[in-house]
Amino acid sequence: MSTSTGTPAPPSTAGRPGPSPRSRFASRGTRGREGLWGWLFVSPMVLGLGLFMALPIVMAAWVSLLNWDGQSNPFTPDADFVGLANYRSLLAEDGLARTLLATSLRNNTYYVLLTVPLQTALSLTLAIVVNQRMLRGRSMLRTTFYFPSVTSSIAVCTVFLFLFQGSGAVNQLLGYVGVKGPNWFADPRGVLWVLLEAAGVIDGEKPGGFLAEHRLMGLPWSEWLAGPSVAMCTLILLAVWTTSGTFMLIFLAALQNIPRELEEAAALDGAARRHVLRHVLLPALRPVMFLVTTLGLIATWQVFDQVYVLGQGDPANTTLTPAFLSYSYGFDNAEFGQGAAISFVLLAIVLLMTGVQRVLLRERGSRRPRRARGRQAQDTPEKGAVRAHD
Amino acid sequence: MRTTDAEGTGTETTVPGTNGNGTAGTGGAGTSGAVTGSAAAGKAARAGRRKQAAAAEERPVLARFPRPARLAGYTLLLAFALLYALPFLIQVATSFKTDPEAASRPLSLLPEAPTTAVFEKLSGSGEAGDGVPFTRWLGNSTLVTVVVTLGRVLFDSAAGYALARLRFRGRALLVTFVIAVMAVPPVVLLIPKFLVLNTLGIFDTYTGMIVPLLFDAAGIFIMKQFFESIPREVEEAARIDGAGIGRIFWYVVLPMSRPALITVTLLSFQGSWNEFTHFLVATQSSDYETLTTGLARFVSGGLGAGTQYPLKLGAALLSTIPVAVLFFCFQRYFIRGANAGAVKE
């Protein structure tokens with residue numbers, strides 16, 4: 001057996017100048033033992049991850065086909081097999097389950113649509129600001145912005161509950177500038193209707209007009225279009241506030257990886273600050289932007305802790321999310337089959353989001369460099385460097 | 001530092017201000033012109049000096065913002081930083097207030113009549129008083145966190161080392177498996193996890209709380225990434241000296257891996273201390289309540305009786321302190337951990 005085919009180089013060595021003859025000799029001698037040690041080292045992890053991450057999914061897939069109340073053993077032939085009924089009641093049949101799912105999807109969609117752009121924009125801005133070399137107190141600021149991210153979500157929710165009470169600190173602050181704040185956590189009105197009413201466009205008593213007559217998935221259009229409720233807005237604020245620090249750090253690391261020469265060359269060419277930002281920094285940050293929005297999308301579709309503490313779906317189900325609905329069906333109503341089915345709907349959404357974003361980014365990624373090259377031919381060296389960087 | 005800067009800026013901010021108003025205002029043209037002249041001269045001189053100093057140290061790529069813009073920027077930034085810090089300051093202040101004061105003056109940072117009643121109540125043994133068994137929560141949280149952290153550091157580094165260095169059949173497949181597991185949204189696993197714990201008969205036990213948390217794909221990935229950055233020569237030298245794989249791992253590789261080990265330790269500590277959803281589905285009886293599940297039930301109204309905001313905020317404050325202390329001591333490791341999220345791509 002020839003050495004080169006007998007021991008395929010592991011992927012990790014691909015970037016290195018291949019192993020020396022001596023090391024190859026040594027590793028051949030201990031190869032059998034390496035296999036043994038390798039499996040010894042990974043076996044706890046394989047067992048654990050398999051048992052508590054992979055197996056649960058298989059079990060839940062089965063339970064989502066059952067009518068199970070959490071008492072008996074669901075893995076016996078006596079189990080009440082109902083086929084796809086749990087999914088049908090969620091997606092196809094008119095009823096409470098479908099209306100609740102539609103409501104939770106509506107809520108979470110608005111939550112995602114507002115939270116992800118806000119947290120990405122805010123964290124990017126913070127990162128660019130904190131990255132200024134001449135800024136005083138940079139590390140102090142960085143610590144301040146990051147600290148909310150490391151604390152427990154429950155503890156932070158407790159603080160927000162206090163701050164956003166009807167007569168709480170936030171409303172008192174708003175009072176100083178002459179604004180009468182809403183009763184945040186108890187206000188189920190959709191923000192869009194509130195704004196339109198304030199502008200005098202619609203009648204606040206029955207917003208939506210004829211839209212209230214027609215329904216999609218058992219939920220009137222006036223509800224679909226209402227925007228996040230005032231209560232949901234506090235959850236959005238909370239999410240932006242707690243996550244922007246983490247994402248700021250990710251952006252910051254990427255900014256510090258951008259070669260300084262790039263900015264200097266642009267500055268020498270007389271580029272204004274915003275041009276440097278637009279044509280040097282942002283293109284170089286694109287992969288990180290993708291990472292941050294993907295992480296944001298995945299996380300915001302899973303919002304749970306905040307919902308649990310700040311109202312459990314109240315007021316009027318406007319803070320209900322699919323994750324909480326799934327939990328609530330299982331643990332409050334003892335309808336675990338229905339709850340498991342909701343988790344799979346949620347899983348499908350999260351996977352779909354990630355997939356769509358991947359495709360979108362791949363398309364844009366292949367088109368982008370060509371366009372940029374066409375537009376500014378004179379600074380090709382930097383552009384080349386940017387592309388090499390990402 | 002900052003005050004001198006602000007004073008220096010103060011004289012100059014008036015310049016564009018008066019110029020801007022000059023078009024609308026009447027008279028005073030002479031004085032404003034004089035101010036502009038002297039300030040411009042001073043600005044030029046200062047700019048020259050600054051240029052030299054900057055060239056000597058680290059020079060900014062672009063010209064600095066003009067002073068008024070800079071002052072406005074600092075003000076805005078400080079206001080923003082306050083937005084991030086204020087909730088915690090209010091939390092601290094409120095936990096020293098009485099219930100009526102917390103309700104009537106929610107914004108004040110100085111309690112009128114500071115009281116430590118909240119902390120006495122919380123440290124009081126167990127069920128007495130308000131039914132907030134804080135010491136029990138604390139004990140459970142501590143137990144779980146310590147065991148989980150120790151276990152994770154061990155398993156993560158062992159698995160990470162095997163995936164980074166050891167050659168064995170199925171390794172590439174395992175790496176894919178770890179990445180796939182990281183992609184599973186944890187909230188989707190709420191009911192599934194309960195199913196497994198229930199089937200294994202460890203629902204509502206410490207075992208059920210601890211064991212599933214021991215396995216953490218992200219930590220494995222951090223360790224794997226780090227081990228791959230260590231030069232192989234060190235291990236090979238030890239191997240030639242006759243050391244076996246176990247010895248090399250324990251006596252050569254691990255001591256070299258301090259930064260990664262600290263990162264994983266801190267992340268594990270923070271993760272299990274702040275863990276909520278797993279404990280929520282893994283336990284039922286109040287005996288197993290941790291700081292997170294206990295506090296969540298208390299706050300969301302499970303323990304009844306009034307608003308009691310000082311008590312709630314005090315409990316939340318105490319539960320934040322351990323992670324906060326670690327954070328301020330080991331900030332750069334936390335930052336590395338935050339960026340380890342980027343590793344997934």
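Residue numbers start from 1 in every chain, and the chains themselves are labelled A, B, ... in the order their sequence lines are given, proteins ahead of strands.
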Check your understanding: Side chain, backbone, both or neither: which part of B:L295 has a heavy atom under 4.5 Å from chain A?
Key -> both
Review point. So which part of B:L197 gets closer than 4.5 Å to some heavy atom of chain A, the side chain, the backbone, both or neither?
Key: side chain
Exercise for review: Below 4.5 Å from any heavy atom of chain A, which atoms of B:V188 appear? Answer side chain, backbone, both or neither.
Suggested key: both
Revision key, fill the gap. Residues at least two apart in sequence or cross-chain that pass side chain to side chain donor-acceptor pair (under 3.5 Å) with A:T321, listed by chain then number, are none
Practice item. State yes or no: are the ring centers of A:F41 and B:F155 separated by less than 6.0 Å? Key: no
**Study point:** Side chain B:T292, main chain B:E275, donor-acceptor under 3.5 Å
**Key:** yes
Review point. Can you tell me how far the CG atom of B:L189 sits from the CE atom of A:M53, to the nearest 0.5 Å?
Key: 5.5 Å
Point to revise | Part of A:I349 within contact of chain B (heavy atom distance under 4.5 Å) | key: neither
Check your understanding: Given that the side chain runs from C-beta out, which part of B:L291 has a heavy atom under 4.5 Å from chain A: side chain, backbone, both or neither?
Key -> neither
**Study point:** Proximity breakdown for A:Y176 and chain B, heavy-atom pairs closer than 4.5 Å
**Key:** side chain
Exercise for review: Can you sort out the partners of B:N198 under side chain to side chain donor-acceptor pair (under 3.5 Å), two or more places apart, ordered by chain and number?
Suggested key: none
Check your understanding: A:Q165 side chain to A:L161 main-chain N or O, any donor-acceptor pair under 3.5 Å?
Key -> no
Review point. Is there side-chain contact between B:I245 and B:L166, with at least one heavy-atom pair below 4.5 Å?
Key: yes
Check your understanding: Given the options A:W241, A:F344, A:W39, A:F160, which has more heavy-atom pairs under 4.5 Å with chain B than any of the others?
Key -> A:W241
Revision key, fill the gap. So, the part of B:F249 with a heavy atom under 4.5 Å from chain A: the answer is side chain
Check your understanding: Highest number of heavy-atom pairs under 4.5 Å with chain B: which of A:A323, A:P44, A:G330?
Key -> A:P44
Check your understanding: Closest approach of B:V323 and A:V150, non-hydrogen atoms and distance?
Key -> CG1-O, 3.5 Å
Practice item. Check whether A:Q312 gets within reach of chain B through its side chain, its backbone, both or neither, counting any heavy atom under 4.5 Å. Key: side chain
**Study point:** chain A contact via B:F334 - side chain, backbone, both or neither, heavy atoms under 4.5 Å
**Key:** both
Review point. Looking at A:V309, A:T158, A:L310, which makes the most heavy-atom pairs under 4.5 Å with chain B?
Key: A:T158
Review point. Is the distance between the ring centroids of A:F147 and B:Y84 less than 6.0 Å?
Key: no
Practice item. State yes or no: are the ring centers of A:Y329 and A:F336 separated by less than 6.0 Å? Key: no
Practice item. Can you tell which part of A:F304 gets under 4.5 Å to a heavy atom of chain B, answering side chain, backbone, both or neither? Key: side chain
**Study point:** Check ion pair B:E228-B:K224 (N to O, under 4.0 angstrom)
**Key:** yes
Practice item. State whether the side chain of A:W301 and the backbone N or O of A:M353 hold a donor-acceptor pair below 3.5 Å, judged by distance alone. Key: no
Review point. Heavy-atom distance under 4.5 Å to chain A: side chain of B:S104, backbone, both or neither?
Key: backbone
Point to revise | Winner by heavy-atom pair count (cut-off under 4.5 Å) against chain B, out of A:I298, A:V292, A:L173, A:V46 | key: A:L173
Practice item. Output the option from A:P148, A:G339, A:P322, A:A340 having the highest count of non-hydrogen pairs under 4.5 Å with chain B. Key: A:P148
Practice item. Please determine, among A:L351, A:T246, A:L347, the option with the most heavy-atom pairs under 4.5 Å with chain B. Key: A:L347
**Study point:** Region of B:L200 in contact with chain A, defined by heavy-atom distances below 4.5 Å
**Key:** side chain
Review point. Where does B:T320 contact chain A at under 4.5 Å (heavy atoms): side chain, backbone, both or neither?
Key: side chain
